[in-house]
Number of protein chains: 2
Amino acid sequence: MESKLSKAEKTRQFIIETTADIFNTKGYAGTSMSDITDATRLTKGSIYGNFENKEDVALAVFEHNYSKVRQVIRERIAQATTFHQKLMVYVQVYDHFTRTAHFPRGGCPILNTSTEADDTNPLLKERAAKAVLEWKQNIQDLIKEGINAKEFKFDVDDERIALSLIALIEGGIMIAKVTDSQSNLNRVMKTAELLIKMIRV
Amino acid sequence: MESKLSKAEKTRQFIIETTADIFNTKGYAGTSMSDITDATRLTKGSIYGNFENKEDVALAVFEHNYSKVRQVIRERIAQATTFHQKLMVYVQVYDHFTRTAHFPRGGCPILNTSTEADDTNPLLKERAAKAVLEWKQNIQDLIKEGINAKEFKFDVDDERIALSLIALIEGGIMIAKVTDSQSNLNRVMKTAELLIKMIRV
DNA sequence: ATGGTAATATACCAATCGGTATTTTTTATT
DNA sequence: AATAAAAAATACCGATTGGTATATTACCAT
């Protein structure tokens with residue numbers, strides 16, 4: 001019965017997990033320390049014993065939410081055989097993202113964190129930017145590999161496609177959430193599918 | 001020297017205009033009443049004499065920011081001759097939206113308000129949703145008219161195109177802002193241009 | 001079992017939060 | 001110029017904010 005995690009590390013993880021949805025729905029400014037203590041049933045002393053401040057919790061929570069999403073994507077991409085299928089994983093995942101429990105409540109953490117932090121919180125912004133650029137790079141890599149495998153046209157603008165795919169997904173999520181209509185996202189994903197089809201040889 | 005606006009109406013307008021950028025950058029939760037009094041150099045008594053509460057100011061500010069953007073778009077669309085050109089107005093405007101003074105600081109108010117309010121503030125969410133659906137309808141109308149004018153293919157899925165265009169723009173803005181790269185938005189707008197080209201006969 | 005340490009809880013802080021009741025000032029009408 | 005009404009300023013409210021210093025508890029190695 002050995003646990004690798006120390007008591008503090010376990011508590012830290014517990015705090016992150018139980019406040020993940022709160023930060024992702026209410027945002028950084030909208031989440032208070034008492035929200036955190038209420039949800040975790042811990043006291044301020046415990047929170048501040050494991051984190052420097054509220055921002056530190058928010059950063060850890062973003063990390064958690066982001067990697068949760070990334071993991072789901074990564075697994076499905078690994079299973080896909082063709083590069084077309086691999087790209088289509090994004091479309092499929094977000095095509096019914098309302099239902100998947102893989103997603104933290106409150107929608108895409110990248111979208112939420114980016115739009116709130118881009119003018120207010122340099123650290124959160126930096127972290128969100130890194131996530132976007134990593135995501136972009138992953139898509140570009142898939143496209144390049146697809147080109148090498150003669151699956152995609154040789155002259156595809158991988159950067160443009162990657163950014164457009166991300167934009168369609170994030171913009172689509174925004175629309176779907178504010179209009180309470182998953183089908184709106186589905187329609188946008190249809191265009192994403194088209195975009196992916198177009199780069200095939 | 002008669003002014004149509006009463007004193008109160010002028011003050012109200014003044015408050016809206018001088019806090020427009022604050023709400024659009026810091027968000028609803030991130031903007032405090034003291035932010036408002038500091039910026040306007042007015043007192044709480046004056047603010048609460050002209051608005052019910054903070055939410056009421058935020059709603060008026062959104063209205064202001066949104067109609068400011070809408071006006072720019074509307075004017076340019078009116079000047080465009082073909083329906084293709086009219087649709088391309090969106091691409092052109094957002095293609096250098098960082099520079100245009102027509103835009104409130106902090107980016108697109110629809111994107112900002114939607115992502116913050118969708119899980120927290122029903123009134124702001126409702127207003128943002130209305131804006132998205134109005135925008136969508138405007139694009140759909142342009143497409144339909146373009147079809148009637150034999151400029152666009154008769155079997156175009158106007159709803160899908162409209163939603164995808166909005167998603168590309170809003171998603172592109174999010175990416176550009178968080179990565180501090182206007183060129184990232186330009187690349188996404190390139191895809192938007194392609195999307196518009198594709199529906200032409 | 002014990003002592004040291006790690007972790008959590010308690011109690012408290014000044015500052016700020018959104019909001020209101022009241023007073024003062026400004027404006028418009030006569 | 002006098003006056004009533006409208007608008008803005010002042011002064012205040014309890015509650016909550018993020019954060020800290022200190023006390024208490026839980027844990028672990030000896």
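Predicted model, so just to flag it, every value in this text is computed and none were measured. Proteins get letters first, then strands, A, B, ... in listed order; numbering begins at 1 in each.
To the nearest angstrom, C1' of D:dG19 lies 14 Å from CG of A:Asp56. Atom NZ in A:Lys54 sits roughly 16 Å away from atom P in D:dT16 (whole-Å rounding). Between the CD atom of A:Glu55 and the C1' atom of D:dT17 there is a distance of 16 Å, given to the nearest Å. Remark: C1' of C:dA7 and CZ of A:Phe14 are 15 Å apart, rounded to the nearest angstrom. Atom-to-atom, NZ of B:Lys10 to C1' of C:dT27 comes out at 11 Å; the value is rounded to the nearest Å.
Listed by residue number, A:Met33, A:Ser34 are the residues of residues 33-40 of chain A with a heavy-atom contact under 4.0 Å to DNA chain D.
Of the candidates B:Arg127, B:Lys130, B:Lys68, B:Arg12, B:Arg127 is the only one forming a salt bridge (Lys or Arg N to Asp or Glu O under 4.0 Å) with B:Glu63.
Classification of A:Lys26 and B:Asp119 as a salt-bridged pair fails, no side-chain N sitting under 4.0 Å from a carboxylate O. For the pair A:Glu134 and A:Arg70, the salt-bridge criterion is met [side-chain N within less than 4.0 Å of a carboxylate O]. A:Glu193 has a carboxylate O that lies under 4.0 Å from a charged side-chain N of A:Lys197, or vice versa, which qualifies the two as a salt bridge.
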Just do the salt bridge (Lys or Arg N to Asp or Glu O under 4.0 Å) check on B:Lys190 and B:Asp95 with the steps written out, would you?
CA-CA 9 Å; B:Lys190 195 93 184 171; B:Asp95 221 327; over 6 Å; no

Derivation of the salt bridge (Lys or Arg N to Asp or Glu O under 4.0 Å) call for B:Lys125 and B:Asp118:
CA-CA 5 Å; B:Lys125 175 187 176 180; B:Asp118 59 1; over 6 Å; no

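Residues B:Tyr28 and B:Phe62 place their aromatic rings such that the two centres sit no closer than 6.0 Å.
OP1 or OP2 of D:dG19 lies within a sub-4.0 Å distance of a side-chain N or O belonging to A:Tyr48.
Remark: the backbone N or O of A:Phe83 is paired with a side-chain donor or acceptor of A:Glu151 at under 3.5 angstrom.
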How would nucleotides 6-12 of chain D be written as a contact map, 5' to 3', with B for base contact, S for sugar-phosphate-only contact and - for no contact, using protein heavy atoms under 4.0 Å?
-SSBB--

